[in-house]
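The analysis underlying the following values was restricted to heavy atoms, covering all of them including side chains, and did not include hydrogens, waters or symmetry mates. None of these values were measured; they are calculated from a predicted model. The first residue of the sequence shown is numbered 1, and numbering continues consecutively from there.
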Amino acid sequence: MWNTILFDLDGTLTDPKVGITTATAAALAHFGIYENPDRLTHFIGPPLDESFSEFYGFTPAQTQTATEVFREYYVRQGWLENVPYPGMAGLLRDLKAVGKHLMVATSKPKVTAVKILEHFGMAAYFDRIFGAPLDNQEGAKKVNVIRNALSWANSAWDGWDYSGAVMVGDRRHDVTGAHQAGLSCIGVLYGYGDRAEHENAMADFIAEDIPALRRLLLFETEIVEGYLKSFGKGWDLAAIRAGNYKGCLWAPSPRDGSPVLEGKAAKAAFDSLNYDTAYIFREDVAGAGITAKVTAAQLDQEQGVDVYVVARDFSWTYVHTHEDGWMGPYFCKLEK
């Protein structure tokens, strides 16, 4: 699945509410506009020049002044008023442990982003931190930050394929920026964007909380480990893990010893399967993402659909439709 993961910062890695809303209130007060900081959470995520203009009709000159006042407070103390989301450091650690490339792509100035992540001991998890250049509104746009990250990765990692990258963010700007740069995006709901915002922006996946995000990002790794425990008798598991699950592991039979099924038999078996969740990974498939139930009839309507099935005993873990007939089960291992 995804070998490279780009993370937004504010509202995704850390909760910046107090620092950003207080700094925004100070900037507005400079113009005689007095707002309760709790009413300014919509400033979390987007570039400041867009927000001051969109929400208060500021002119470019007013926006420049407001941004300077904002930064004066934020540089002095606002950045220290961030709080890492519980469980995020552990998720980053586990993603690195299985060989994922991690980067930060934020509209916050890079120097500030680095300072925050270093302060909370999170910077070491990332291969590179990308943010906005100071006083460069165009460079602060999320799509341009993401493109800078992808350009660096392309030159830094020989043979790297950006089709294996995904963006994670909490606002619509993360989704649209990722799509403009050619990436899929996971919208998270524990930050400052709600489900409607992500759905309207056409987020590819939505994670309600950090455990849900973990299931998406570590899905293949956890399923492979479960699969190996169930079907790996006689295999050199250490060698398989050391190879980052490259290539494909074919399941010659389900756990009960029955043969590989094809055609109608495979359809019937799939439809009767007792699984927890199915994940569909093809953006052109209706209902792509996490679904409670996928039928063989639905798969027949879409050729070349990848479906990862999480069965309670890890059997029937991966199925795929082919133009010459529906087949299953087999499981493809992780690509590094």
Worksheet item: What about Tyr85 and Tyr125, same hydrophobic cluster or not, with Ile/Leu/Val/Met/Phe/Trp/Tyr joined at side-chain heavy-atom distances under 4.5 Å?
Response: yes

Practice prompt. Any chance you could measure Glu35, atom CD, to Tyr56, atom OH, to the nearest 0.5 Å?
Written response: 3.5 Å

Worksheet item: In terms of hydrophobic clustering (I, L, V, M, F, W, Y; side-chain heavy atoms under 4.5 Å; direct or indirect links), are Leu48 and Val18 co-clustered?
Response: no

Worksheet item: Is Leu213 linked to Val175 within one hydrophobic cluster, defined over Ile, Leu, Val, Met, Phe, Trp and Tyr using a side-chain heavy-atom separation of less than 4.5 Å?
Response: no

Worksheet item: If only atom types and distance count, is the side chain of Thr67 paired as donor or acceptor with the main-chain N or O of Thr63 below 3.5 Å?
Response: yes

Worksheet item: Got Leu9 and Ile129 here, is their nearest side-chain heavy-atom distance under 4.5 Å?
Response: no

Worksheet item: Does Val166 reach the side chain of Leu183, with side-chain heavy atoms less than 4.5 Å apart?
Response: no

Item to complete: Check whether any side-chain N or O of Gln62 sits under 3.5 Å from a backbone N or O of Thr59 as a donor-acceptor pair, and report yes or no.
Response: yes

Item to complete: Assess whether atom CZ of Arg76 is packed by more than 12 heavy atoms of other residues, nucleotides or ligands within 6.0 Å.
Response: yes

Item to complete: Output, in order, the C-alpha distance, side-chain angles, deciding distance and verdict of side chain to side chain contact (heavy atoms under 4.5 Å, CB included) for Ile186 and Asp174.
Response: CA-CA 9 Å; Ile186 301 172; Asp174 300 305; over 6 Å; no

Discussion item. Distance check, rounded to the nearest 0.5 Å: Ile33 atom CD1 versus Phe52 atom CZ?
Written reply: 9.0 Å

Discussion item. Starting from Val83, can I reach Met88 by hopping between I/L/V/M/F/W/Y residues whose side chains sit under 4.5 Å apart?
Written reply: no

Discussion item. Contact between His179 and Asp204 at the side-chain level, heavy atoms closer than 4.5 Å - yes or no?
Written reply: yes

Response to the item:
For Thr176 and Ala201, the nearest pair of non-hydrogen atoms, with its separation, is CG2-CB, 4.4 Å

Practice prompt. Apply the test side chain to side chain donor-acceptor pair (under 3.5 Å) to residues Glu197 and Tyr192: give CA-CA distance (whole Å), side-chain angles for both, the deciding distance (0.1 Å), then the verdict.
Written response: CA-CA 10 Å; Glu197 177 175 335; Tyr192 290 90; over 6 Å; no

Discussion item. Just so I know, are the side chains of Phe126 and Leu13 near enough to count as touching, which here means a heavy-atom distance under 4.5 Å?
Written reply: yes

Item to complete: Enter the distance from Leu117:CG to Lys115:NZ here, rounded to the nearest 0.5 Å.
Response: 12.5 Å

Response to the item:
Here the pair of heavy atoms bringing Gly19 nearest to Tyr73 is O-CE2, 3.8 Å

Item to complete: Answer yes if the ring centres of Trp160 and His101 are under 6.0 angstrom apart, and no otherwise.
Response: no

Fill in: Expected output: side-chain Tyr190 to main-chain Thr12 donor-acceptor under 3.5 Å
yes

Practice prompt. Carefully, step by step, assess Arg172 and Asn200 under the rule side chain to side chain contact (heavy atoms under 4.5 Å, CB included).
Written response: CA-CA 8 Å; Arg172 60 182 173 83; Asn200 290 336; over 6 Å; no

Practice prompt. Find out whether Ile210 and Val188 are in side-chain contact, i.e. whether some heavy atom of one side chain is under 4.5 Å from a heavy atom of the other.
Written response: no

Discussion item. Within this structure, what is the CD1-CG distance for the pair Ile116 and Asn82, rounded to the nearest 0.5 Å?
Written reply: 4.5 Å

Fill in: Considering all heavy atoms, the nearest Pro37-Ala25 contact
CG-CB, 4.1 Å

Discussion item. Could you tell me if the side chain of Leu95 sits less than 4.5 Å from the side chain of Phe7, heavy atoms only?
Written reply: yes

Worksheet item: If you take all heavy atoms of Gly187 and Ala203, which pair is closest and at what distance?
Response: N-CB, 4.2 Å

Worksheet entry | Any side-chain heavy-atom pair of Asp38 and Thr21 under 4.5 Å | no

Worksheet item: With sequence neighbours left out, which residue pairs that include part of residues 86-98 fulfil the side chain to side chain donor-acceptor pair (under 3.5 Å) condition?
Response: Asp94-Arg214, Lys96-Asp127

Discussion item. Checking the side chain of Arg171 only, and the main-chain atoms of Ile44 only, is there a donor and an acceptor separated by less than 3.5 Å?
Written reply: yes

Worksheet item: Do Lys141 and Gln180 touch side chain to side chain, with heavy atoms closer than 4.5 Å?
Response: no

Fill in: Euclidean distance, Leu217 CG relative to Leu102 CG, rounded to 0.5 Å
9.0 Å

Worksheet entry | Residues Glu54, His42; criterion side chain to side chain contact (heavy atoms under 4.5 Å, CB included); working and verdict | CA-CA 11 Å; Glu54 177 181 354; His42 48 286; over 6 Å; no

Item to complete: Please check if the side chain of Lys100 supplies one atom and the backbone of Trp2 the other of a donor-acceptor pair under 3.5 Å.
Response: yes

Fill in: Identified side chain to side chain contact (heavy atoms under 4.5 Å, CB included) partner of Lys108 from the options Ile20, Val114, Val145
Ile20

Practice prompt. Could you tell me which non-hydrogen atom of Pro109 sits nearest to which non-hydrogen atom of Arg71, and how far apart they are?
Written response: CG-NH2, 4.0 Å

Fill in: Flag, side chain of Ser53 to backbone of Asp49, donor-acceptor distance under 3.5 Å
no

Practice prompt. Applying side chain to side chain contact (heavy atoms under 4.5 Å, CB included), run through Glu68 and Gln64 and close with a yes or a no.
Written response: CA-CA 6 Å; Glu68 291 172 357; Gln64 178 64 31; 3.0 Å; yes

Response to the item:
Of all heavy-atom pairs linking Ser107 and Pro47, the shortest is OG-CG, 3.9 Å

Discussion item. Do Ile206 and Met202 land in one hydrophobic cluster if side-chain heavy atoms of ILVMFWY residues count as linked below 4.5 Å?
Written reply: no

Discussion item. Under the side chain to side chain contact (heavy atoms under 4.5 Å, CB included) test against Ile146, which residue among Asn144, Val143, Leu150 passes?
Written reply: Leu150

Fill in: Set of residues satisfying ring pair (Phe, Tyr, Trp, His ring centres under 6.0 Å) with respect to Phe31, sequence neighbours excluded
Phe58

Worksheet item: Does Asp8 come within less than 4.0 Å of Lys142, counting only side-chain N to carboxylate O?
Response: yes

Worksheet item: Roughly how far, to the nearest 0.5 Å, is CZ of Phe70 from NE2 of His30?
Response: 15.0 Å

